[in-house]
Protein chains: 4
Amino acid sequence: MSSKFLSLNQEKQERILNAALKEFAQKGYENASTNEIVKSAEISKGLLFHYFNNKKELYLFLYNHFVEVLMEEFFNELDFSERDIFERLKSLMILKSKLMIRHPEVFDFMMSASMEASEEVKEAMNSTNTELMEASYGRLFENIDLTKFQEGMDIQRTINIIMWTLKGFSNQEQEKAKKLHKGLHDFNDAFKEAEVYIDMLRKSFYKNQ
Amino acid sequence: MSSKFLSLNQEKQERILNAALKEFAQKGYENASTNEIVKSAEISKGLLFHYFNNKKELYLFLYNHFVEVLMEEFFNELDFSERDIFERLKSLMILKSKLMIRHPEVFDFMMSASMEASEEVKEAMNSTNTELMEASYGRLFENIDLTKFQEGMDIQRTINIIMWTLKGFSNQEQEKAKKLHKGLHDFNDAFKEAEVYIDMLRKSFYKNQ
Amino acid sequence: MSSKFLSLNQEKQERILNAALKEFAQKGYENASTNEIVKSAEISKGLLFHYFNNKKELYLFLYNHFVEVLMEEFFNELDFSERDIFERLKSLMILKSKLMIRHPEVFDFMMSASMEASEEVKEAMNSTNTELMEASYGRLFENIDLTKFQEGMDIQRTINIIMWTLKGFSNQEQEKAKKLHKGLHDFNDAFKEAEVYIDMLRKSFYKNQ
Amino acid sequence: MSSKFLSLNQEKQERILNAALKEFAQKGYENASTNEIVKSAEISKGLLFHYFNNKKELYLFLYNHFVEVLMEEFFNELDFSERDIFERLKSLMILKSKLMIRHPEVFDFMMSASMEASEEVKEAMNSTNTELMEASYGRLFENIDLTKFQEGMDIQRTINIIMWTLKGFSNQEQEKAKKLHKGLHDFNDAFKEAEVYIDMLRKSFYKNQ
DNA sequence: TATGAATGAGGATTCATTCAT
DNA sequence: TATGAATGAATCCTCATTCAT
């Protein structure tokens with residue numbers, strides 16, 4: 001259904017995607033206005049509904065499209081030869097920051113999408129979401145050097161603790177940034193603080209070195 | 001302005017609160033319909049605005065009201081004489097589960113409120129939010145027995161790791177429950193799993209015992 | 001129907017009248033809110049409708065009441081022994097200014113009433129209006145010294161020209177005052193200017209003196 | 001924003017303009033109902049707001065549009081070669097009557113607009129109003145033959161007296177017409193009466209001829 | 001492909017008025 | 001007399017979607 005859209009000249013495609021991205025990111029699914037989207041994309045009302053039959057399909061197309069785009073960049077640029085889990089997660093964090101700087105609107109949209117309230121759209125999102133996202137989540141821990149962990153550790157649960165810690169830290173930083181109205185506040189400071197947590201986890205879960 | 005409302009007979013108060021709670025929880029602030037609320041509360045359109053001058057005040061009243069209600073139950077029922085942080089957090093989790101069973105709609109609402117996108121309402125929420133909530137968050141760790149932690153540990157950051165882990169776990173369980181369309185899936189299993197994580201953290205952060 | 005109201009203690013009567021006066025003056029008949037009136041009069045909703053069955057009756061009561069009040073003050077304080085029409089009109093203008101200073105809100109209300117758009121109320125107003133007002137208008141020219149006018153003048157039409165001139169001048173001054181946001185701008189200047197017009201009219205319409 | 005509207009087929013434009021004209025003329029700005037307008041124009045609710053973003057813009061469009069229309073007709077049809085002020089004002093009155101017969105609803109609207117109470121709309125009206133209207137008012141007295149006035153007369157004030165007289169007369173005639181529920185009562189009688197006043201003024205202000 | 005006029009249900013809110021107490 | 005809770009029609013305006021061109 002969106003094949004029509006994909007055979008449109010690049011420039012117009014982008015105008016439409018960006019307009020929709022911003023509108024949905026700012027206002028959420030239900031509150032976003034297709035009116036505003038066509039206005040800022042400088043296309044006609046009818047055309048939007050010619051390409052995407054309705055608001056929902058437009059939203060899901062955006063979501064799937066940018067999940068793919070981000071995922072691809074992630075896995076192209078992430079170094080999977082590094083077998084130490086903490087080093088790999090460190091470069092993951094750095095990469096994430098780079099991507100946030102490269103495509104801030106896309107991240108805004110993905111964030112707002114992940115908190116979307118509208119039932120109508122949440123269901124449909126999850127199906128594609130889980131397929132792709134959870135698969136990729138697994139890849140993050142492929143070929144990790146498990147010998148570094150202390151004997152007898154429950155690896156899967158340990159990895160969960162590590163990931164939850166980093167996610168918690170990341171959320172905390174985002175909250176701070178929001179309060180200070182800085183889009184992306186001093187990255188170096190944040191990264192140093194992240195390293196402190198990573199060192200704590202390393203000491204706790206790795207063998208004495 | 002909501003004092004009018006509070007001097008209303010209990011039964012009608014509850015009809016209105018429940019109707020609003022459900023509508024806001026399901027659809028978020030902007031998308032919730034005051035029309036639906038009055039219909040399901042079986043009151044007239046005018047009456048809702050007689051009590052709460054507008055949608056925003058209704059929302060904020062609900063939020064503040066239920067924050068207070070939950071906080072009170074929390075701190076009345078939580079055992080602060082227990083000085084072991086893990087034991088205290090275990091009883092916190094049990095208490096939380098009890099409260100979720102006791103007031104499921106309230107929890108749905110608080111969850112949706114915490115992710116509310118609407119700028120209009122977020123600001124006003126935060127002022128009361130932070131005052132009360134953050135104060136209470138601090139109380140959770142009052143009078144904790146710090147001598148049990150390994151020598152030289154960074155206590156504050158360690159507590160963060162613990163909290164982020166429990167939060168991550170809790171979110172994971174909620175996701176699972178949502179997928180299985182169980183409002184509250186088998187609590188015992190979940191609690192046993194939580195205990196596993198808690199034991200892992202205890203082993204990692206406490207002195208050898 | 002308003003006899004009930006008149007047997008109310010003075011202070012409450014005035015609170016109600018003033019509240020209604022201000023609200024109607026500011027917003028006009030249709031747009032005025034009985035809600036605001038009862039709030040600022042500090043009485044209950046029901047009481048207002050107990051005294052005046054509906055908004056329209058309240059409005060008409062106000063109108064008739066204050067027409068009477070103003071008329072009485074006018075004719076009590078106007079010097080009818082002065083037989084020169086221009087002198088009499090001069091003292092009329094001075095008296096009008098005094099009354100505007102004495103009861104500014106009443107004048108605001110009467111002004112807004114005279115421009116009232118609502119058909120519903122305009123009709124009912126006119127009936128009382130014409131009875132009283134037009135009668136009084138006639139009295140202004142009772143016992144005027146007609147011998148001072150040039151021979152052969154059409155007295156009635158000459159008086160019309162005089163009145164229309166003074167009304168036109170008065171409107172012009174009010175416009176100016178409104179533009180400068182002065183409630184009542186320098187009265188002395190305005191009065192001197194009025195005297196210039198009066199002198200012009202006197203020279204034109206009176207015999208050479 | 002109203003350019004959309006202007007590129008609409010004539011017949012629909014007129015249906016909308018007439019519907020709005022009547023509603024606003026009858027009830028004033030605040031009390032006019034956009035619902036009634038769309039009903040009587042036989043268009044959908046949405047369409048009105050597609051053309052004019054809101055009630056205020058619709059009102060101001062109407063006002064500006066018809067001020068322009070009337071002004072143009074006025075100055076196209078008024079004879080500025082006539083240098084006698086009274087003759088010029090006579091043809092002005094005749095022209096005004098013609099236009100009132102040609103566009104009675106427009107005059108009703110302009111009258112109600114000139115007495116509009118709503119602050120919201122008065123401000124915005126005045127800016128365009130004064131620019132155009134006051135400029136045109138000046139043109140009425142361009143190239144008038146001043147030599148006809150008596151020596152030593154204060155010309156500006158004399159013109160004021162003349163204009164206020166004609167305006168007063170005109171208002172009086174309108175009041176009469178309204179009372180008799182004739183839209184436009186016998187024009188010839190009224191004009192003859194106007195001529196009497198004009199002759200009186202001429203005799204008073206011109207040199208003996 | 002592309003336009004944008006047209007729809008009408010639905011949004012929050014205000015209002016004069018009633019009536020049980 | 002006096003209260004104020006309760007009503008529901010009416011207010012302006014926005015929205016996603018359709019369709020003739």
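So you know, we letter chains A, B, ... as the sequences are listed, proteins then strands, and number each from 1. Remember, it's a predicted structure, so these values are computed and weren't measured experimentally.
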Taken to the nearest whole Å, CG/Leu47(D) to P/dT7(E) is 6 Å

Applying side chain to side chain contact (heavy atoms under 4.5 Å, CB included) to Phe107(D) and not counting sequence neighbours gives Leu70(D), Lys96(D), Leu99(D), Met100(D)

Residues passing the salt bridge (Lys or Arg N to Asp or Glu O under 4.0 Å) test with Lys12(D), sequence neighbours excluded, are none

side-chain hydrogen bond (donor to acceptor under 3.5 Å, both in side chains) filter on Asn54(D), not counting sequence neighbours, yields none

Under 6.0 Å between the ring centres of Phe61(A) and Tyr51(A)?
no

5'-most contact on DNA chain F (nearest-nucleotide basis), Ile43(B) vs Asn54(D), goes to Ile43(B)

Writing each nucleotide of DNA chain E 5' to 3' as (, ), [, ], | or . by Watson-Crick or G-U pairing under 3.5 Å yields .||||||||||||||||||||

Residues at least two apart in sequence or cross-chain that pass salt bridge (Lys or Arg N to Asp or Glu O under 4.0 Å) with Glu11(B), listed by chain then number, are Arg15(B)

Across all chains, not counting sequence neighbours, the salt bridge (Lys or Arg N to Asp or Glu O under 4.0 Å) partners of Glu68(B) are none

(message) Just to be sure I understand the rule, does Lys45(D) reach a base, reach only the sugar-phosphate, or reach nothing, if contact means heavy atoms closer than 4.0 Å?
(response) base

Here the distance between atom P of dG11(E) and atom CZ of Phe49(B), to the nearest Å, is 11 Å

On DNA chain E, more 5' by nearest nucleotide between Gly46(B) and Glu42(A) is Glu42(A)

Select base, sugar-phosphate, or nothing to describe what Leu48(D) touches, counting heavy atoms under 4.0 Å on all strands.
-> nothing

Separation of dA16(E) atom P from Phe52(C) atom CZ, nearest Å, is 15 Å

By ring-ring contact (aromatic ring centres under 6.0 Å, His included), Tyr59(C) pairs with (sequence neighbours left out) Phe24(C), Tyr29(C), Phe109(C)

side-chain hydrogen bond (donor to acceptor under 3.5 Å, both in side chains) filter on Lys45(A), not counting sequence neighbours, yields Asn35(A)

Counted 5' to 3', the first and last nucleotides of DNA chain F within 4.0 Å (strictly under) of a heavy-atom of chain D are dT11(F) to dT14(F)

Residues of residues 10-41 of chain A with a heavy atom under 4.0 Å from any atom of DNA chain F, listed by number, are Ala32(A), Ser33(A), Thr34(A), Asn35(A)

The reported gap from CD in Glu42(C) to CD1 in Ile16(C) (rounded to nearest 0.5 angstrom) is 11.5 Å

Quick note, side-chain hydrogen bond (donor to acceptor under 3.5 Å, both in side chains) partners involving residues 103-119 of chain B, not counting sequence neighbours, are Glu30(B)-Ser118(B), Glu73(B)-His103(B)

Hits for salt bridge (Lys or Arg N to Asp or Glu O under 4.0 Å) against Lys27(D), two or more places apart or cross-chain, chain-then-number order -> Glu23(D)

